[in-house]
Amino acid sequence: MMKKDRALGVYLVCVAAIIALVAAILYKNVMYRYQPVYYFLIGAIVLGVVAFLLAKAVPLLAGLIPVINAALMACAAVWGASLMVNQIGYVVAGLDGMDTIQGFIVFAVLCVVGMLLNIIAAFMPAAKAE
């Protein structure tokens, strides 16, 4: 039996899980919040930890987790934006200041970065043979 070690893909998933944690914390600064967004982010965090733990034992399963995490992070960004559409329109029209959507912009950027890291990790192996 070959001994396996974690590969770069699993570490990218862990970085994306940390980004999801930061995004969940910063989502409290968004003006209008939607509760399921927290569930998406918590799911991405938990699956990131599961991918790290399963990488040595079941690398095939750990290699599928980034695909799910990318979808969770995309859902968090899109569903988080659904309540902010009117506020973004107010800022574009000049009725409100940019500071009203600044927290949302930071949150959305973190979600997109986490999603991209998971997409990149999906194309990398979860474990490598020593």
Side-chain angles (χ1 to χ4, degrees):
M1 187 160 107
M2 294 183 82
K3 192 173 184 183
K4 297 188 179 195
D5 195 19
R6 291 179 184 94
L8 179 62
V10 173
Y11 293 115
L12 286 177
V13 173
C14 291
V15 171
I18 293 170
I19 290 174
L21 177 65
V22 172
I25 293 169
L26 292 179
Y27 190 60
K28 293 180 181 182
N29 296 334
V30 175
M31 182 180 284
Y32 301 112
R33 293 179 295 279
Y34 191 46
Q35 188 66 32
V37 171
Y38 287 111
Y39 301 141
F40 291 134
L41 294 172
I42 290 169
I45 295 165
V46 169
L47 284 177
V49 172
V50 168
F52 184 78
L53 296 175
L54 288 181
K56 287 186 176 183
V58 189
L60 180 64
L61 184 60
L64 295 175
I65 290 177
V67 177
I68 300 167
N69 269 359
L72 288 173
M73 295 294 286
C75 286
V78 170
W79 287 31
S82 66
L83 294 179
M84 292 297 293
V85 171
N86 287 338
Q87 193 61 37
I88 293 169
Y90 293 152
V91 171
V92 170
L95 300 173
D96 278 339
M98 185 69 172
D99 58 333
T100 60
I101 63 169
Q102 192 171 11
F104 169 73
I105 292 172
V106 172
F107 161 76
V109 166
L110 286 174
C111 284
V112 169
V113 168
M115 179 190 66
L116 290 174
L117 284 176
N118 279 307
I119 290 172
I120 293 168
F123 289 101
M124 296 183 170
K128 56 185 174 185
E130 280 186 4

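Shortest non-hydrogen contact noted between A23 and L41 is C-CD1, 4.0 Å. When every heavy atom of V10 is checked against every heavy atom of A55, the shortest pair comes out as CG2-CB, 3.5 Å. Nearest heavy-atom pair, V13 versus A121, reported as atom, atom and distance to 0.1 Å: CG2-CB, 3.7 Å. Between N69 and G43, the shortest heavy-atom contact is OD1-O, 4.1 Å. Closest heavy-atom contact between A17 and A44: CB-O, 4.1 Å.
Y39 OH: 12 or fewer foreign heavy atoms inside a 6.0 Å radius.
Rounding to the nearest 0.5 Å places CG of D96 at 4.5 Å from CD of Q87.
Relative orientation of the Y38 and Y27 rings is perpendicular, given thresholds of 30° and 60° on the angle between their planes.
Listed by chain and number, the residues in a side-chain contact (heavy atoms from CB on, under 4.5 Å) with V67 are A122 (sequence neighbours excluded). Legend: residues meeting side-chain contact (heavy atoms from CB on, under 4.5 Å) with I68, ordered by chain and number and at least two apart, are L47, L72.
Cation-pi check for R6 over F52 is met; the charged atom lies under 6.0 angstrom from the ring centroid and within 45 degrees of its normal.
At distances below 3.5 Å, not a single donor-acceptor pair connects side-chain atoms of Y34 with backbone N or O atoms of A81.
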